[in-house]
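Right, one structure below, let's go through it.
Counting starts at 1 for both ligands and their atoms, in listed order.
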Amino acid sequence: FMRHSNQQHVSNSETLLRDLSLASRQLHVELSEEEDFPLVQKGLLMLCQSQEGLDEEAEVAEAAHRLGLEAEVCDSARLQELEPNAKIKAQGGVWFPQDCHLDPHDFLEALRSRIKKNGGEIIHTQVKSLIDDKGVVTNTGEKITAETTILAGGIDTLNLTKQLGLKLPMQGGKGYSLTLPSPPRNPHLCSLLKEGRVAVTPMGEQLRVAGTMEICGSNTSVSKVRLSGIIESFCAFYPEFNPSQFSELEPWVGLRPCSPDGLPYLGRIPSHKNLIVATGHSMMGLSLAPITGKLVAQLVDSETCSLDISALNPTRFNSP
Ligand SMILES: Cc1cc2nc3c(=O)[nH]c(=O)nc-3n(C[C@H](O)[C@H](O)[C@H](O)COP(=O)(O)OP(=O)(O)OC[C@H]3O[C@@H](n4cnc5c(N)ncnc54)[C@H](O)[C@@H]3O)c2cc1C
């Protein structure tokens, strides 16, 4: 991770991540139209309470412009004009108009429906081991053979690749979310709270507040201190809310599959040519899900991939 925390690696990766994100955005739009679920295309606000934070984000906006992306640096009045539904306490921020948001349940429901419509079958089971690259054995001992097996088990994918002697370095990046069922005031734009490191997403009547990135292996215990940090930061940026509104809510915990270079693992494994790995998307797994699916389909069909994904090679951390 330390070896990749430098400007050179960011410069090498930003074009690919932009192209993956824009292609995925387009596929999200198409899927939401075809499967008729809401995808809100109103953009995202990065909110800053300190001048230092705002200066940093203005630089990010410049970098976005260099990549051909839209970004508008806003003062507090402009922020409030863009978000009339809730009072914002921030010195300024950046509006990224191309961002979208959705309810992950709607998205997964749409995918399930699409799989079934196309004749696919969804089997809920635990995979215990791989039959080399010819299928899997479940925890009940059932063997399921396949022409191609796609390993997309998030952080747990590494338990399966270990069996092949393949190094797929990943750490769980733990995060929490809390969802208010129907707050009296609900912002209509999603936002990231710079100094609070919190993400705020309206989902219909609901409002989801999420945050933290604890590098934790596979430990899913809940830190009460970090949870209250998320709530306090949110209420500091959105002063019409108060911490007592969150007191009865059950937190959700998730592990982001984080690779050391911040790039997903996507591709075939040369030593096991019928296995495809698709994981390691860290904070971008939902955003990049549709393009990941499309690229996996192209790999399965032995078509040329629509984007050059050589940098995502799942064996890149293995010695040749
Ligand atoms: C708080 C929080 C907020 C986030 N916000 C965003 C966001 O705004 N936008 C975004 O794009 N991303 C976001 N993410 C990241 C996103 O959730 C992940 O990138 C994404 O879930 C990774 O998808 P995945 O399918 O690779 O892994 P997972 O979502 O972890 O899914 C893997 C699945 O494989 C199953 N599995 C694993 N091993 C086995 C096995 N042996 N047998 C059977 N099944 C198995 C697991 O049970 C699981 O269902 C957020 C994450 C967190 C924690």
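Under 4.0 angstrom from ligand 1, the non-hydrogen atoms of Met284 all belong to its backbone. Under 4.0 Å from ligand 1, the heavy atoms of Trp252 that appear belong solely to its side chain. Of the heavy atoms in Thr212, none comes closer than 4.0 Å to ligand 1.
Protein heavy atom nearest atom 25 (O) of ligand 1, with residue, atom name and distance: Ala152 O, 4.2 Å. In terms of protein heavy-atom proximity, atom 20 (C) of ligand 1 is closest to Gly285 CA, 3.8 Å. Of all protein heavy atoms, the one closest to atom 35 (C) of ligand 1 is Gly153 CA, 4.3 Å. When hydrogens are left out, the protein atom nearest atom 18 (C) of ligand 1 is Ser282 O, 3.5 Å; that is the closest non-hydrogen contact. When only non-hydrogen protein atoms are considered, atom 42 (N) of ligand 1 lies nearest to Val127 N, 2.8 Å. Considering only non-hydrogen protein atoms, atom 38 (N) of ligand 1 sits nearest to Asp156 CB, 3.4 Å. Scanning the protein for heavy atoms near atom 13 (C) of ligand 1, the closest one is Met283 O, 3.5 Å. In terms of protein heavy-atom proximity, atom 11 (O) of ligand 1 is nearest to Ser287 N, 2.7 Å.
Atom CD of Glu205 has 12 or fewer neighbouring heavy atoms from other residues, nucleotides or ligands inside a 6.0 Å radius. Glu250 CD: 12 or fewer foreign heavy atoms inside a 6.0 Å radius. Few gaps surround NZ on Lys117; more than 12 heavy atoms of other groups in view lie less than 6.0 Å from it.
Nearest to atom 44 (N) of ligand 1 by heavy atom, out of Val198, Thr125, Thr201, is Thr125. Taking each of Gly154, Gly280, Ser129 in turn, the one with a heavy atom nearest to atom 28 (P) of ligand 1 proves to be Gly154.
Distance OG/Ser221 to NZ/Lys174: 3.5 Å, rounded to 0.5 Å. Atoms CZ and CE, from Arg256 and Met283 in turn, are 4.5 Å apart once rounded to the nearest 0.5 Å.
With Leu166 as the fixed residue, the side-chain contact (heavy atoms from CB on, under 4.5 Å) test singles out one of Leu151, Leu158, Leu275, Ile269: Ile269.
Heavy-atom minimum distance, Leu307 versus Leu295: N-CD2, 4.1 Å.
Glu142 and Thr125 are not linked by any side-chain donor-acceptor pair at a separation below 3.5 angstrom, with hydrogens and angles left out of the test.
Checking side-chain atoms of Ser50 against main-chain N and O of Gly53 turns up a donor-acceptor pair under 3.5 Å. Here the side chain of His28 pairs a donor or acceptor atom with the backbone of Leu286 at under 3.5 angstrom. Under the 3.5 Å distance criterion, the side-chain polar atoms of Gln126 are left unmatched by any main-chain donor or acceptor of Asn139.
For the ligand labelled ligand 1, residue Ala199 lies outside the 4.0 Å heavy-atom shell.
Contact annotation for atom 8 (O) of ligand 1: protein absent (non-hydrogen atoms, distance under 4.0 Å). There is no protein heavy atom less than 4.0 angstrom from atom 5 (N) of ligand 1. Protein heavy atoms are absent from the space less than 4.0 angstrom from atom 47 (O) of ligand 1.
In terms of polar-atom proximity, defined here as any N/O pair under 3.5 Å, Ala210 makes no such contact with ligand 1.
Both Val209 and Leu249 are part of a single hydrophobic cluster, where members link through side-chain heavy atoms under 4.5 Å apart.
Which parts of ligand 1 touch Gly254 is read off a 4.0 Å heavy-atom cut-off, strictly below it: atoms 53 (C).
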